[in-house]
Structure formats: C-alpha cells, structure tokens
Amino acid sequence: MGDITLPRHMFLWCLSAVYMFAFASLYVQIPGLYGNEGLLPARWQLRVSGKSVVEQLKDSPTLLWFGPRLGLDTQQCMELLSLAGALLSLMTLALPPLRDCRVFLVLWILYLSLYQVGQVFLYFQWDNLLLETGFLAILVAPMKMPWFSKVCLHDNVTFWLVRWLLFRLMFASGVVKLTSRCPTWWGLTALTYHYETQCIPTPLAWFAHQLPVWFQKLSIVGTFVIEMAVPFLFFSPIRRHRLAAFYMQLLLQVFIILSGNYNFFNILTITLCLSLLDDQHVNFWLRRPTQKTESTSLQTLFSGLAVMLEVGVYALLCYWTVQYFDLQVDWEKKSVSSKTAFTYFEFNGFLKTVTVPSIWIGVLSLTWEIITAMFKCACVRGVLRRLWSTIQWAVMAAATVSMFAISLVPYTYIEYDSNSNLWPGIRTAFEVTDRYQLVNSYGLFRRMTGVGGRPEVVIEGSMDRNTWTEIEFMYKPGNMSAAPPVVAPHQPRLDWQMWFAALGPHTQSPWFSSLLHRLLQGKRDVVKLIQTDESQYPFSKQPPTYLRAHRYKYWFSEPKEDGSYPQRWWRRVYVEEFYPIVRLGDSYLEQMLVQHGLKDKAPPRRSSNAWLPRFLRHVGEHAREIPAHLLLWTLFSSAATVCLLNSLRSRAYHRLHESLQNQHTDKQAAEQTRPNVTEENKKKHEEEEEKKEVTKDDAEEDGKEQEEVATSEEEQEGEIEEEVSAEETEEDSLRKRK
C-alpha cells in the first residue's frame, strides 16, 4: 500500500456521518421503544441489586448506571446519551480537529451503552458492525497533540484492520448463502423474490422485480463473484487489483441502496471499502497533480510483469465464473443462461481448502505492513523522534495483531474444522472481549424468505367489534396503493421487527403483545412509532377498544398487458389470524404479558423537574415532530455545508499563503542577487574608469602631438610670412629705384 493519509481522513469523516445517522435515528424512537411506557422499557435491564458501580459495569458495561446520580431515569439517560452522541458526531463530521481517537472512543462508549439495553430492537448485524468499526477507528484516528507529528508511521498497520474487517464481512456474506442450502441461492433465483420480500423496498425495487429471469440469475452470479472471489484481491500486492475490487464492491452497494432501505448499513460498508484506496487515487479523483518519477529499466520490467499477472488473474476469474456457473450465451433469445455447476459437498471441500490459506494470506499481508512501518521508524532522524516512533509502532502493532488474532474465532465459524483447530488462548481472549462487541461474525441474507409470497402482519382496531379499521405503518407495506418509501439512512426499528414477526407465530415475538397492550392504552409515544403525524392514525382521538392482527401475503403488482403501470403497487391474499381479538384486561393478553415478563411489577419512578430532564423533554418534543429521515438528512446537509465552506476557506487560505510564500522567496532571491549586482556594477565602474583614464592618456598624447603639429605648422607659416615680407621689401626697393 502507498500513502493512505487521504483515505484515512475519508474513512473517519464517513464514520462520523454513520455515527450521526445511528444516534439520531435511535434518539427519536427511544420513548416508544424503551421508555417507561414503551414496548420494552429499558429500566427492566438495569435492576438495582445493591452492587457497587464497578460490579454493575462488569455485569453490563453501560453508562446508564450513572443516570440516577444525574437525577435521570433510564429513558431520560438513554435520550441524553443518544443526543450527546448525535451532537458529538455531527461536530466531528463538520470540524476536522475533532476527528481524534479520544472522540471516537467516546462515541464508541456511548453506542455500546445503548446497545447493552437495546434488546431485540438493537440486535442487528449492522449495529455489531458499527461497534466493531468504531473500535477500529480508535486505533486508526490520530491523537492530536501539539508535539505529535501529523503523519504517524503506523497508520498503514492499523488501517489494515479495516481491510481485514471488510474481507470478513464480504466473504462470510457470500459463503453463508450457500452453506445454508437455501434452494433459491443454489438455483440462482433469489433475486426473483428478494425485491418484493425485503423488509422495506424502495420504488425502484418494483421496476427491478420486472427484469427478466435470466438477468436476475446473472445478477446472482455477479453477487457470488463479488462477495467470495473478489475479496481475495484486497490483499493483492498489485495496486490495480485493489482498485478494481473497490469499484466492484462499490457497484454492489450502490445497487442495494437503490433497491432497498437498509439504513446506514450500506454506507458503513462503503466506508470500509475506502481502506482499498491510496493517496494517489484520491488525488486522481480531486484532479490534483502528482509528481511523476522517472522509471528505470528494472521498474519498467516489473510493471510489465505486474500487468501480465493482473490480466492473468482477471482471465482466471472469468474462466472460473463461466466454468462453475455454466454461463452460456443464447444469441437468438439475446439472453445468458446460468446454473450452479457444483454440489454442496464440493463447495464444502472448497471451503475447507480456502479458509486456512485465507488466514495465512492475512498474516503475510499484515506482516508486510508491520515490517514496512518498522523500517520507516528506523529511518526517522533524531534519536528521540526515532525512539518515540518506535514505541508508537510497537504498541499499535501489538494491538493490531491482538485484534487480528481474536477475529479469527468468529471468522472461522464458516468452517468447523478450522474453528476447532484454533489455539485455546485465542478462544479465551475472544470470550473475555465478546461483551464489548470488538469482533463479530457476519452473514447477511442467509436464506431467502417469502418464497411463496411476502408475509405481512396487519393490525386492525375497532370500537364496537363490528367495524374494523386497519392501522397503517409509515414505512412497511400495508396500503396496497401506497408507494414504497425512501427512508434510508433512518431505520424504523419497529417496522423491521414487524417484518421478522410475520415470519413465524406471535409467540416468537414477545414484544408484539406489548405493542397491542400499549395501543389499547393509547400511549402516545408508541403511536408515534407507527405514525409521526397523529392525524394519520385512525384512533388518535380515542384508543381502540378491541385489537386483532391478521397475516397476509403480499406480492408486487404486475404491469398491464399494454405495458402501462398498474394503479396499485401491491396485491395481497388473506392467510390466517395472527393474533386473536383482545381488549384491556383480556385474559389471553394478560397471560402473554406475564409469560414473557412484560408486566410491570412496580410503577416507574417519577421524573424529576430539574433543568436537565426538562431540557430533554423540550428537545424531544420538537425533534420528534419532524419525520426521522428528513431530520437525518437535514443534519447531514448542514454538517456537509460547513465542511464545504471550511474546505473552500482553507483552499483560499492555502492559495494566499502560497502566494505570500512565493513573494517572500522572490524577495529573498532578489536580496541574494543584489550583492552580486553591486559587485558587477563596481567592476563595470572600475573598467569604465580605467577606460576613461586610458582615453585621457590617449587624449593627452593626441593633444601633444596636435600641439607639436600646430607649432610646426606655425613655424612653417612664420617662415613663409618672413619669405613673403622679404619679397615685399625687395619689390618696394625696386619701385623706389625706378
């Protein structure tokens, strides 16, 4: 890897945005989910037992234990933690100086504190992924001190862990689809069901569902290649391999974002993909000029060999894809047929063959990064600086190796033999750190649900047991004429659990009995989970007397024969009763509540009237009036605007600084050239003086010569005059004689 300063900054910026989405999305749902009158009150998870604070933190590592010391109950303390996390991550997103390892440590502790009491509504894989990525950010982010260098020589070592996490996530997500023996994944038909059976589809999912079957199968083949084969290119020494892998992963995540509402999960995955980039490629995006070095003949030879190896890898990838998925082009039908050309046992053999080598590939890649960083530290000038860089390198290298070692436990869950052969010390370290969610196992979309139709639970209410009115949720399918929403990056956690509840009997979802109980009581916080605008809730004026729930099967509607779009997005068929008719005090409802431990044995503690609880209530009342996805995008847009203005200002400042620096250098150059100019002028002046003296001497000699010539001429003229006067006197004497 080359320099990774810019990708690291982008990683921390994107992670700050993901934290902000997660905290803000959870904040608006806390009263209905975990409040004193919510579905699963969080105070049940923090029973007072007379233990010390240290013992309580060992049992459950959460800051909620300190709530009573602030005069807050469990709900208010959760609101305080989520609000503080949202504001801190928003500031970190907007202000670069706050992207510090200590700030990310605080964000990780806040989210871990909420996760500990989140129960079923927070036990999603992306919550685990956020906690693991957040802990890696503590190692990746710099510790900004006045005496620290802006560039740390161990950055490549810690940033490598992000790449390893991305590899584990993608490779495991591809493997579990086949190890689950799901017939839709093995038959390459999963996408013919996925778009309409996913939790909360988008409007584009309807159009994707209408694509031809051969294209859906080919898309599954591409998914398997991107998730299982391409991740090995993450550790390739050839730079273009890593860039190609980045764009393939980005393409897959963008398609998922367009077709489904998976909250912040896909944004977080793209954030992990930034570990495949380097400064040179980011500068290419920004159209910044890069210094071009002259290549020697040896470098030219190596680059040629690298190109040949690169093309060879792509050719092998294409060959294996065609071979193992039996791709055949039908030119008459203009389609591509595909099928799995290997068995489950052959795939298991492949998995046993490749799991251990993949670990050794990671070991070699990490060793290279550590040795490279060590040589960089050895080349630092100054004894103290070299010593400090070496200490930093040693600490971060040890932390990176430790994280890599304990991550092997959840990674090898995909293959039993590899997992059983791990060193027992690694297992012990994993068990000790498991409660902090430092490393996790992943495997998304293991089995395709809803093959015979999308199961959906519809709740109905009545005042007289004769006329029943359906209670529509904001996001999950219900009304057949309502278009699928676009709600990401917000995660409506009740809607998601309603999707899981529809897959089995209501006894597998104990919280459902609590939901009906709270709706019969008319609890406003729970109603807001269903409809933010209470006017859309059919029993806003008076809670229903009776409630029941039915299970339906939903399908996307088909286009009309003339190609026009239907009026309804969905069609449905009644299946069975999901929950019998109940009312307050009903024996069946009371039995379910007692059986699942959802009946309050003691009334909640009265809320305090201090300034902090009143402040939290005031903020919550105003924040929850706005639809959650609009609130999230508003916060993100404001922070992004601040970032843009800061970048423009810093760019203008840098330009001004460069111009002033250029002027200063020009002035220094002029001052340096002035003595040379004066010396030259002196020399010229002396030469001119010498020339003048020479000319004076020549002029004096010429004057003397001219005087001599003039005197000689005067003497000649005097002689002539004397001769003329002698002749005149002779003539006068002759005249007198005459």
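Computed from heavy atoms alone, side chains included, the values below leave out hydrogens, waters and symmetry copies. All figures in this text were calculated on a predicted structure; none of them were measured in a lab.
Applying side chain to side chain contact (heavy atoms under 4.5 Å, CB included) to Leu129 and the options Leu272, Leu444, Asn440 leaves one that passes, Leu272. Under the side chain to side chain contact (heavy atoms under 4.5 Å, CB included) test applied with Tyr554, the options Val458, Val573, Thr197 reduce to a single match, Val458. Considering Leu547, Leu598, Leu584 in turn, Leu584 is the only one that fulfils the side chain to side chain contact (heavy atoms under 4.5 Å, CB included) rule with His517.
With values rounded to the nearest 0.5 angstrom, Tyr537 atom OH is found 12.0 Å from Glu472 atom CD. Here the straight-line distance linking atom CG of Leu516 with atom CG of Leu520 works out to 6.5 Å at 0.5 Å rounding.
For Lys476, the side chain to side chain contact (heavy atoms under 4.5 Å, CB included) partners are Glu456, Phe473, Asp495, Met498, not counting sequence neighbours. For Phe215, the side chain to side chain contact (heavy atoms under 4.5 Å, CB included) partners are Leu211, Pro212, Ser219, not counting sequence neighbours.
A cation-pi arrangement is present between Arg465 and Tyr546, with the terminal nitrogen or guanidinium carbon under 6.0 Å from the aromatic centre and inside a 45° cone about the axis.
A donor-acceptor contact shorter than 3.5 Å is absent between the side chain of Thr355 and the backbone of Lys352. Remark: side-chain polar atoms of Arg583 are not paired, donor with acceptor, to backbone N or O of Pro544 under 3.5 angstrom. A donor-acceptor contact shorter than 3.5 Å is absent between the side chain of Ser338 and the backbone of Phe325. Formation of a donor-acceptor pair under 3.5 Å by the Gln29 side chain with backbone atoms of Arg493 is found in this model. Of the possible polar contacts, none joining the Thr184 side chain to the Ala190 backbone as a donor-acceptor pair under 3.5 Å is found. Ser180 places a side-chain N or O within donor-acceptor distance of the main-chain N or O of Lys177, the cut-off being under 3.5 Å. In this structure, the side chain of Arg454 does not engage the main chain of Tyr193 through any donor-acceptor pair within 3.5 Å. Side chain of Gln198 to backbone of Tyr195: a donor-acceptor contact under 3.5 angstrom is found.
For the 3.5 Å distance criterion, the side chains of Tyr442 and Glu132 qualify, holding a donor opposite an acceptor. At a cut-off of 3.5 Å, with distance as the only test, a side-chain donor of Trp126 or Gln491 sits close to an acceptor on the other residue. Side-chain polar atoms of Tyr579 and Ser513 form a donor-acceptor pair below 3.5 angstrom.
Considering only heavy atoms from C-beta on, Glu534 comes within 4.5 Å of Lys528 through its side chain. Put simply, the side chain of Phe539 reaches to within 4.5 Å of the side chain of Thr469, judged on heavy atoms. Side-chain contact between Thr189 and Lys217 is present, with heavy atoms from C-beta onward closer than 4.5 Å. Looking only at side-chain heavy atoms (C-beta outward), Trp570 and Trp555 stay at 4.5 Å or farther from each other. Taking 4.5 Å as the limit, every side-chain heavy atom of Gln521 sits out of range of all side-chain heavy atoms of Glu37. The shortest distance between side-chain heavy atoms of Leu252 and Glu227 falls below 4.5 Å. Residues Pro489 and Ile267 meet the side-chain proximity criterion, which asks for heavy atoms closer than 4.5 Å. Side-chain contact between Trp13 and Leu93 is present, with heavy atoms from C-beta onward closer than 4.5 Å.
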Q: Go through the steps to decide whether Arg163 and Leu276 satisfy the test side-chain contact (heavy atoms from CB on, under 4.5 Å), and finish with yes or no.
A: CA-CA 7 Å; Arg163 215 184 332 156; Leu276 303 174; 3.5 Å; yes

Q. Could you walk me through whether Tyr115 and Leu130 pass the side-chain contact (heavy atoms from CB on, under 4.5 Å) check?
A. CA-CA 11 Å; Tyr115 177 85; Leu130 178 57; over 6 Å; no

Q | Check against side-chain hydrogen bond (donor to acceptor under 3.5 Å, both in side chains), Tyr34 and Gln119 | A | CA-CA 9 Å; Tyr34 306 111; Gln119 306 169 73; over 6 Å; no

(Q) Under the criterion ring-ring contact (aromatic ring centres under 6.0 Å, His included), I'd like the reasoning laid out for His209 against Phe556: C-alpha separation, chi angles, the key distance, then a yes or no. (A) CA-CA 8 Å; His209 183 72; Phe556 271 140; 5.7 Å; yes

Q | Derivation of the side-chain contact (heavy atoms from CB on, under 4.5 Å) call for Val230 and Val225 | A | CA-CA 6 Å; Val230 173; Val225 172; 4.2 Å; yes

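Aromatic ring centroids of Phe445 and Tyr262 lie under 6.0 Å apart. Less than 6.0 angstrom separates the ring centroid of Trp285 from the ring centroid of His281. Between Phe124 and Phe265, the gap from one ring centroid to the other reaches at least 6.0 Å.
Tyr111 and Phe23 have perpendicular rings, their planes meeting at more than 60° on a 0 to 90° scale where under 30° would count as parallel. Using cut-offs of 30° and 60° for the angle between ring planes, the Phe167 and Phe171 rings count as parallel. Taking the six-membered ring where tryptophan is involved, the planes of Phe500 and Trp496 are tilted, since the angle between them lies from 30° to 60°. Using bins of under 30°, 30° to 60° and over 60° for the plane-to-plane angle, the ring pair Tyr565/Trp206 lands in the perpendicular bin.
Within 6.0 Å of the CZ atom in Phe224, the count of heavy atoms belonging to other residues, nucleotides or ligands exceeds 12.
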